[in-house]
Protein chains: 2
Amino acid sequence: MNGTGTAAEDRVFAALANATRREVLRLLRECGPQPVQALADHFDMRRPSLSEHLRVLREAGLVSEQRSGRQRIYRLEAAPLAEVQDWLHPYERFWRERLRGLGDLLDRMPDDDPS
Amino acid sequence: MNGTGTAAEDRVFAALANATRREVLRLLRECGPQPVQALADHFDMRRPSLSEHLRVLREAGLVSEQRSGRQRIYRLEAAPLAEVQDWLHPYERFWRERLRGLGDLLDRMPDDDPS
DNA sequence: TTGACGCGTAGGGGATCGCCTACCTATTCT
DNA sequence: AGAATAGGTAGGCGATCCCCTACGCGTCAA
C-alpha cells in the first residue's frame with residue numbers, strides 16, 4: 001500500500017532542495033492555504049516561475065490544490081515530511097553522541113570486540 | 001558560533017537531493033568510517049565521480065575526511081542533519097493532524113468495503 | 001628510484017534546473 | 001458578448017548537475 005519507493009523519496013528531497021520551494025511550504029504552514037497570486041507576492045519572481053515550483057511541490061505530494069472559482073487554493077500536505085523524518089531517525093543517535101562527546105569512541109568501532 | 005545562515009541550510013538540502021549521496025551517508029552510518037575506494041565499490045560509477053559527491057557532502061558538513069597514509073578516511077558528521085530535523089519540527093503537527101484526520105475519515109468510510 | 005596505488009582536480013558533454021516572455025483556457029464582472 | 005482576472009503551459013536560454021576520461025600529486029613497495 002505504501003508506494004514509497006526511492007522515486008517518491010527522490011522527488012521529496014529534490015523538492016526541498018530549493019529555497020523558494022521551502023519558503024512556499026513555510027508560507028502555507030504559517031498563513032494557511034492560499035491562491036497562487038498571494039504566494040507569488042512574497043517572491044521576486046514572475047508568477048509562471050512560481051507555478052512551476054508549485055508543480056514540483058505537487059508532484060512530490062507536499063502541496064495539494066483545490067479549485068475555487070478561477071483560483072487555485074494551495075494547501076500544505078506535510079505527510080511526505082514525515083517520511084523525511086523517518087529517514088532522518090537512524091542518524092539521530094550520531095549527532096546526539098557527538099554532542100555528548102562520545103562520538104570518537106563509537107566511530108572507531110566497526111563491528112569488533114574491544115578486550 | 002552557529003554560522004547557520006540560509007547558505008549552509010541550502011548546501012545541506014542540496015547535498016541530500018541526490019540518491020548516491022544519501023546512500024554514502026547510509027554506508028558511513030552502517031559500516032563506519034571508510035576510505036574512498038571502499039565506498040566506491042558500492043556504486044556503478046567511476047571513482048572520480050564519487051569523489052565529487054564526497055566534496056559536496058564535505059562542503060555541507062555532512063562528512064569529514066582524515067588522512068591515513070595514502071588513504072582518506074571519510075566519516076559521517078550528522079550535526080547538519082540535526083538542523084534538518086529542527087527545520088522539520090514546525091511541520092510535525094500538520095502531518096499528525098492529517099493522519100488523525102485520515103483515520104477519522106477512514107472510520108467513517110461507508111462505500112469502500114472489498115470482500 | 002621506479003613503479004603501483006589512493007585520491008583529488010580539470011575539463012568536456014549531455015541532461016536538468018530555474019528563470020524569463022509569450023500564449024492559452026477557464027471563470028467572473030460589466 | 002466582451003474585458004478583466006487567475007493561473008497553467010510552451011519554449012528559449014544561461015547556469016548548474018552529474019557523469020565521464022585524462023592527468024597530477026603524494027605515499028608505499030621493490
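Values below: every heavy atom of this structure, side chains too, minus hydrogens, waters and symmetry copies.
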Spacing of Leu50(B) atom CG relative to dC20(D) atom P, expressed in whole Å: 10 Å
Describe the nucleic acid contact of Phe43(B) in one word from base, sugar-phosphate, nothing, applying a heavy-atom distance below 4.0 Å. nothing
Closest-nucleotide 5' rank along DNA chain C - winner of Ser68(A) and Val56(A): Val56(A)
Atom CZ of Arg72(A) to atom P of dT5(D): distance rounded to whole Å? 18 Å
Please state how far atom CZ in Phe13(A) lies from atom P in dC17(C), giving the value in whole angstrom units. 17 Å
Answer with base, sugar-phosphate or nothing: what part of the nucleic acid does Arg47(B) contact at a heavy-atom distance below 4.0 Å? base
dC19(C) phosphate, OP1 or OP2, under 4.0 Å from His53(A) side-chain N/O: yes
How many whole angstroms separate atom CZ of Arg55(B) from atom C1' of dC18(D)? 12 Å
Would you please confirm or rule out a distance under 4.0 Å between OP1 or OP2 of dC7(C) and any side-chain N or O of Ser51(B)? no
Whole-Å distance, Leu54(B) CG to dT9(C) P, equals 11 Å
Out of dC7(C), dC19(D), dG8(C), whichever nucleotide has its closest atom nearest the side chain of Met45(B): dC19(D)
Got a sec, which pairs hit salt bridge (charged side-chain N to carboxylate O under 4.0 Å, His left out) with one end in residues 12-24 of chain B, sequence neighbours left out? Glu9(A)-Arg22(B), Asp10(A)-Arg22(B), Glu23(B)-Arg26(B)
Does OP1 or OP2 of dG18(C) have a side-chain N or O of Asn18(A) closer than 4.0 Å? yes
Reckon Pro48(B) touches a base, only the sugar-phosphate, or nothing at all at heavy-atom distances under 4.0 Å? base
Hey, could you give me each pair passing salt bridge (charged side-chain N to carboxylate O under 4.0 Å, His left out) that has a residue in residues 39-55 of chain A? Not counting sequence neighbours. Arg55(A)-Glu59(A)
What one should report as the nearest heavy-atom pair of Leu81(A) and Leu88(B) is O-CD2, 3.9 Å
Report the nucleotide, chosen from dG11(C), dA10(D), dG8(C), that has the shortest atom-to-atom distance to any side-chain atom of Glu52(A). dA10(D)
Side-chain N or O of Ser49(B) less than 4.0 angstrom from OP1 or OP2 on dC20(D)? yes
Taking only the side-chain nitrogens and oxygens of Arg21(B), find out if one of them lies under 4.0 Å from OP1 or OP2 of dC18(D). yes
For the pair made of CD in Glu59(B) and P in dC18(D), what is the distance, rounded to whole Å? 13 Å
From the candidates dC19(C), dG11(C), dT27(D), the one with an atom nearest any side-chain atom of Arg70(B) is dT27(D)
Strictly below 4.0 Å: does Tyr74(A) bring a side-chain N or O up to OP1 or OP2 of dG8(D)? yes
Separation of atom CZ in Arg46(A) from atom C1' in dG7(D), rounded to whole Å: 16 Å
Rounded to whole Å, how long is the line connecting atom CD of Gln71(A) with atom C1' of dA4(D)? 14 Å
